[in-house]
Amino acid sequence: MADMDAFRDEIARWAAGGASGPAAGLAADLGLRTAVLLEGPSDLAAVEALAAREDRDLTGEGVAVVSMGGAMSVGRFAGLLGPPGLGLRLTGLCDAREEPFYDRGWQRAGAVRDFHVCVDDLEDEMIRALGPERVEEVIRSEDELRPWQTFLAQPAQHGRPREQQLRRFLSTRKGRKIRYGSLLVRALDGGRPPAPLADLLAGL
């Protein structure tokens, strides 16, 4: 049976200069019709967590959610997955500062502009949706109260808004952003996700 992780691996190899055949074969086996282009794995974790919360089987629906390893790769991935390559419909999610890269990527691929933009980034959107107090509850539930307090004691954090401190904290340890990508979605407890994330999933 075709596997989405295998497809993502083959897309990464193709983007790095490998052969197109394995990815094309897996796309056909999976019945893919849409590719969601995301900047990194924390965004991927959030999208998959929201899909799970809503009982959506994205793979079964023919949707491939792909982490590109940075917005500057969007032109390459849009070309491989969109009209010039596998012919999939393209959509995605990006930070506001990366929007020009996405615009150019879509234009080069000859795809209809269809992606959603976070005000700063998805972590910022999630922190504002949940509120700082709820995010701190998640940090405590993950046994990270001490690292969080140590972080707050740093001179560079003094006087900064709590939302900015939380956003920075999520980036201070390898793998933390990925882990909290799904944890913060689950912490919504049935509440509405940030608009860019909700609109992305609703459009699939």
Side-chain angles (χ1 to χ4, degrees), residues 1-119 121-123 125 177-178 181-182 185 193-204:
M1 182 176 174
D3 178 82
M4 183 55 68
D5 287 335
F7 174 74
R8 290 172 180 147
D9 289 343
E10 290 301 337
I11 286 296
R13 291 189 188 97
W14 188 12
S20 63
L26 286 168
D29 291 344
L30 289 163
L32 297 182
R33 58 177 179 81
T34 299
V36 181
L37 301 185
L38 304 175
E39 294 183 46
S42 62
D43 299 330
L44 175 62
V47 170
E48 290 190 328
L50 184 59
R53 192 187 82 155
E54 298 188 2
D55 294 321
R56 297 277 301 272
D57 175 10
L58 295 183
T59 300
E61 295 174 23
V63 177
V65 184
V66 177
S67 168
M68 302 179 296
M72 287 185 287
S73 298
V74 68
R76 178 70 172 151
F77 279 82
L80 298 181
L81 296 167
L86 298 183
L88 305 180
R89 173 199 162 210
L90 298 179
T91 186
L93 184 74
C94 69
D95 304 347
R97 65 182 176 276
E98 312 297 2
E99 186 175 0
F101 293 111
Y102 270 61
D103 268 327
R104 288 194 293 272
W106 256 248
Q107 289 168 9
R108 286 182 201 157
V112 176
R113 189 187 191 277
D114 178 15
F115 56 85
H116 305 271
V117 182
C118 299
V119 172
D121 55 25
L122 187 52
E123 289 74 29
E125 295 278 358
K177 273 180 70 173
I178 300 171
S182 57
V185 169
L197 186 58
D199 293 346
L200 170 68
L201 202 66
L204 296 177

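None of these values were measured; they are calculated from a predicted model.
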Donor-acceptor list for residues 106-113 side chains, cut-off 3.5 Å, not counting sequence neighbours:
unit_1, atom_1, unit_2, atom_2, d
W106, NE1, V112, O, 3.1
R113, NE, D103, OD1, 2.7
R113, NH2, E99, OE2, 2.5

Rounding to 0.5 Å, atoms CZ (R97) and SG (C118) come to a distance of 10.0 Å
Rounded to the nearest 0.5 Å, what's the gap from CG on L26 to CG on D3? Could you check?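 Between atom CG of L26 and atom CG of D3 there are 8.0 Å.
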Under 3.5 Å donor-acceptor pairs involving side-chain atoms of residues 197-204, not counting sequence neighbours:
none

Just list the side-chain donor-acceptor pairs under 3.5 Å for residues 35-52, sequence neighbours left out, or say none.
unit_1, atom_1, unit_2, atom_2, d
E39, OE2, D95, N, 2.7
S42, OG, E123, OE2, 3.2
E48, OE2, R8, NH2, 2.8

Could you walk me through whether C94 and F101 pass side-chain contact (heavy atoms from CB on, under 4.5 Å), step by step? CA-CA 9 Å; C94 69; F101 293 111; over 6 Å; no
Side-chain donor-acceptor pairs under 3.5 Å in residues 60-87, sequence neighbours left out?
unit_1, atom_1, unit_2, atom_2, d
E61, OE1, R56, NE, 3.2
E61, OE1, R56, NH2, 2.8
E61, OE2, R56, NE, 2.8
R76, NE, A15, O, 3.2
R76, NH2, W14, O, 3.1

Quick check against the 3.5 Å criterion: does E125 have a side-chain atom that pairs as donor or acceptor with the backbone of A195?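 Answer holds: no.
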Of all residues at least two apart in sequence or in a different chain, which pass the side chain to side chain contact (heavy atoms under 4.5 Å, CB included) check with P22? E10, A19
For residues 78-89, which residue pairs qualify under salt bridge (charged side-chain N to carboxylate O under 4.0 Å, His left out), counting only residues two or more places apart or in two chains?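 The answer is R89-D114.
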Over all heavy atoms of both residues, which pair between L30 and M4 is shortest? Give the atoms and the distance, please.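 Residues L30 and M4, closest heavy atoms: CD1-CE, 4.1 Å.
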How close do I11 and A23 get, heavy atom to heavy atom, and via which atoms?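 In terms of heavy atoms, the two residues are closest at CD1-CB, 3.8 Å.
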